[in-house]
Structures are given as C-alpha cells and as structure tokens.
Amino acid sequence: CRCCADSRRHSSILYNILRSEERTASPAGQGPRRGQASRGCPCGSRRRVALRSPQVACKAASAVLVKTLRFVQNVPCFQELPLDEQLLLVRSCWAPLLVLGLAQDRVHFETVESAEPSMLHRILTTRRQGEQPPPRGRAPGQPHHGPGGGGTHLPSAGEIQAIKGFLAKCWSLDISTKEYAYLKGTVLFNPDLPGLQCTQYIEGLQREAQQALNEHVRLIHRGDEARFAKLNVVLSLLRSINANVIAELFFRPIIGAVNMDDMLLEMLCAKL
C-alpha cells in the first residue's frame, strides 16, 4: 500500500538476507540500534481477518438471514412478482438486507488476524510442488472455485471496518422497527437491476417505501428535520458492503463452498 511505498526497497528479500548476514557477522551483544526495528504496514487495512468466535457469529447471522427472507416473503407486493423477478431482487440485495438485520438485532462480532502464509511461502511451496502460485488470500492446497462456486478469500480488515462502521452508524441513530422496514423496502425494490421486466412497478414500490419513511420521520421526529437525510446516508453506506465479504465472513465457515444463490433460491421457495 502507499503508506509503505517509502520503505519497500528496504523490505526486499535480498536486503533482509544481507542485513541478516551483517547482524551475524557483528560482534556479540551488538544488536540493531534503536529505531531500526522492522515494522509492518502502518495502515493494516489489507490484513486478512476471520471471526474470533465463528460458531456464535455465524449462528446469529444465519438467524438474521432467515428472518430477512421471512420479511421479504411477507411483503404482499413482492409476492405478486414473477418468481424469476423475486429471485433477481433477492440475489442482488440479500447482503445489504442482512447487514440491516444485523444492525436491527444489534449483533456484535469480533475478528482476529488470520495466520495467512506469506507470498514468499506460497511461491516456494507451490514451486516445489510444480504448481502455479495461488492468488493472494488462498493458501496452497486449498481449492479454487470459479464464479458462483465461492473460492476462499478471507476478508480484509478494511472491509470488516466498513461493516462495523455501518453498524455503528445505525446504532447511533437508534433506528426504529418501522424505519428499518422502510429502509429494507427501499433496498429490496431496486428498479436499476439489469434483467428486470417489471421495472416501473418495482420503481413505484421503492418510491412508496421512501415516501412512507419520510412521512413516518416527519410524524415521529418532528424536531429532527435532518433525520430523513441521515437515514438516506445509511442507505448510501450500504453500497460499500460486498456480498462476497459477507458470505466469506458469516456463511463460508458453516456451509463451505455451497453456492449462495442456490441457498437463497431454496430458502425463498421454502416456508420459513
């Protein structure tokens, strides 16, 4: 990353080997001077992380996903859409809806840095095995899955921070149950998705959800004229939530390489 650009030439493999030889050749007891200790990346946003307590967090996220799809199924206007339109909408918005559900249920989770093999370790290991070096984020020996199959790629600390920042924003606003429902309706009925046939109908449903949210805020929060704008900021923050990150963080530990689209279809057609 950029914060390490000035020190990259000093962190090369050759440089470290030479420095190691110099330290070995130096008199005993004469260690490196103060201030010369090697340091890692100051920003740390690219570090790969995993859940500290995956059993607890994954169980909570799974429960929220079931509640989310139950909410979607109970929206009468959604049920009037053709099944392929329903599935298209759910596939595109299940992750932001889930994160809204995590915020509503006040689900907390902690992450720890993953002991991911270094790039040099992966290159040397795969060369000995006569294989191509695996992409960063996948340890040697782990299978790679194509699109839809879900390859293992641990989330970065920066991606997790975006999720936690969104949750903190929602909690700071103390969003009510009705406000969450209107926000979910706005997210669910997205008319801009390619492949939709009922575009005008879905656009009208999204507009109705926004109008209902605005009217509710004006009625309940009369003294807070900026609240509606703040809730729309929440919606804008959802655009930074990556569905692959959510799947890897909360569902890959319990369902493995199961295709999320297939699971959503099965759950959507079931009576939750």
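Residues take their numbers from the sequence shown, with the count starting at 1. As a basis for the values below, the full set of heavy atoms in this structure was taken, side chains included, without hydrogen atoms, waters or symmetry mates. Owing to the predicted nature of the structure, the values given are computational and were not obtained by experimental measurement.
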- Sub-4.5 Å side-chain heavy-atom contact between Leu65 and Phe250: no
- Item | Side chains of Glu179 and Arg227 in contact at under 4.5 Å (non-hydrogen atoms) | yes
- Item | Verdict with supporting geometry, Gln104 and Lys184, side-chain contact (heavy atoms from CB on, under 4.5 Å) | CA-CA 11 Å; Gln104 185 173 5; Lys184 290 176 183 178; 2.8 Å; yes
- Message: Once rounded to the nearest 0.5 Å, what's the spacing between atom CD1 of Ile175 and atom OH of Tyr182?
- Response: 14.0 Å
- Task: Quick one: closest heavy-atom pair of Ala209 and Gly185, and the distance?
- Result: CB-C, 3.9 Å
- Query: For the residue pair Leu268 and Phe78, what are the closest heavy atoms and their distance?
  - Reply: CD1-CE2, 4.1 Å
- Note on the structure: Taking every heavy atom of Ile254 against every heavy atom of Ser62, the minimum-distance pair comes out as CD1-OG, 3.2 Å
- Would you check if the side chain of Lys164 reaches a backbone N or O of Phe109 as a donor-acceptor pair within less than 3.5 Å? yes
- Non-hydrogen side-chain atoms of Leu167 and Cys170 separated by less than 4.5 Å: no
- side chain to side chain donor-acceptor pair (under 3.5 Å): which pairs involve residues 78-88, sequence neighbours left out? Glu80-Tyr201
- Message: Checking Phe228 against Gln210 for the side-chain contact (heavy atoms from CB on, under 4.5 Å) test, could you report, in this order, the C-alpha distance in whole Å, the side-chain angles of both residues, the deciding distance, and whether it holds?
- Response: CA-CA 10 Å; Phe228 181 69; Gln210 277 280 284; 3.7 Å; yes
- Item | Aromatic plane relationship, His216 with His221 - under 30° parallel, 30 to 60° tilted, over 60° perpendicular | perpendicular
- Query: Would you say Ile246 and Met260 make side-chain contact, with heavy atoms under 4.5 Å?
  - Reply: no
- Message: If I take atom CE from residue Met263 and atom CH2 from residue Trp94, how far apart are they, to the nearest 0.5 angstrom?
- Response: 7.0 Å
- Atom of Val245, atom of Pro155 and distance for their closest heavy-atom approach: CG1-CB, 3.8 Å
- Query: Is there side-chain contact between Asn190 and Cys93, with at least one heavy-atom pair below 4.5 Å?
  - Reply: no
- Task: Mark yes when over 12 heavy atoms from residues, nucleotides or ligands other than Lys59 sit less than 6.0 Å from its NZ; otherwise mark no.
- Result: no
- Task: Look up atom OH in Tyr180 and atom CG in Leu231, then write down how far apart they are to the nearest 0.5 Å.
- Result: 9.5 Å
- Taking C-beta and beyond as the side chain, do Leu89 and Ile202 meet within less than 4.5 Å on heavy atoms? yes
- Item | Main-chain N/O of Leu154 paired to Arg48 side chain as donor or acceptor, under 3.5 Å | yes
- Without swapping roles, check the side chain of Asn259 against the backbone of Asp261 for a donor-acceptor pair under 3.5 Å. yes
- Message: So Leu100 and Phe71, do their side chains get closer than 4.5 Å, heavy atoms only?
- Response: no
- Query: Do you know which of Thr68, Leu69, Leu265 makes side chain to side chain contact (heavy atoms under 4.5 Å, CB included) with Val90?
  - Reply: Leu69
- Query: Transitively linked via ILVMFWY side-chain contacts under 4.5 Å: Val66 with Val56?
  - Reply: no
- For the student: nearest non-hydrogen atoms of Ala57 and Leu51, plus distance: CB-CD1, 3.8 Å
- Side-chain heavy-atom pair Pro82, Gln197 within 4.5 angstrom cut-off: no
- So how far is it from Cys58 SG to Arg252 CZ, rounded to the nearest 0.5 Å? 11.0 Å
- Closest non-hydrogen atom pair, Gln73 against Ala270: NE2-O, 2.9 Å
- Working to the nearest 0.5 Å, report the span between NZ of Lys230 and CG of Asp224. 4.5 Å
- Query: In a check of side chain to side chain contact (heavy atoms under 4.5 Å, CB included) between Val49 and each of Val112, Leu249, Ile160, which one passes?
  - Reply: Ile160
- Message: Quick one, Ile220 with Ser176, criterion side-chain contact (heavy atoms from CB on, under 4.5 Å). Give me CA distance, side-chain angles, the key distance, then yes/no.
- Response: CA-CA 10 Å; Ile220 304 300; Ser176 67; over 6 Å; no
- Rounding to 0.5 Å, atoms CG (Asp262) and CD1 (Ile255) come to a distance of 10.0 Å
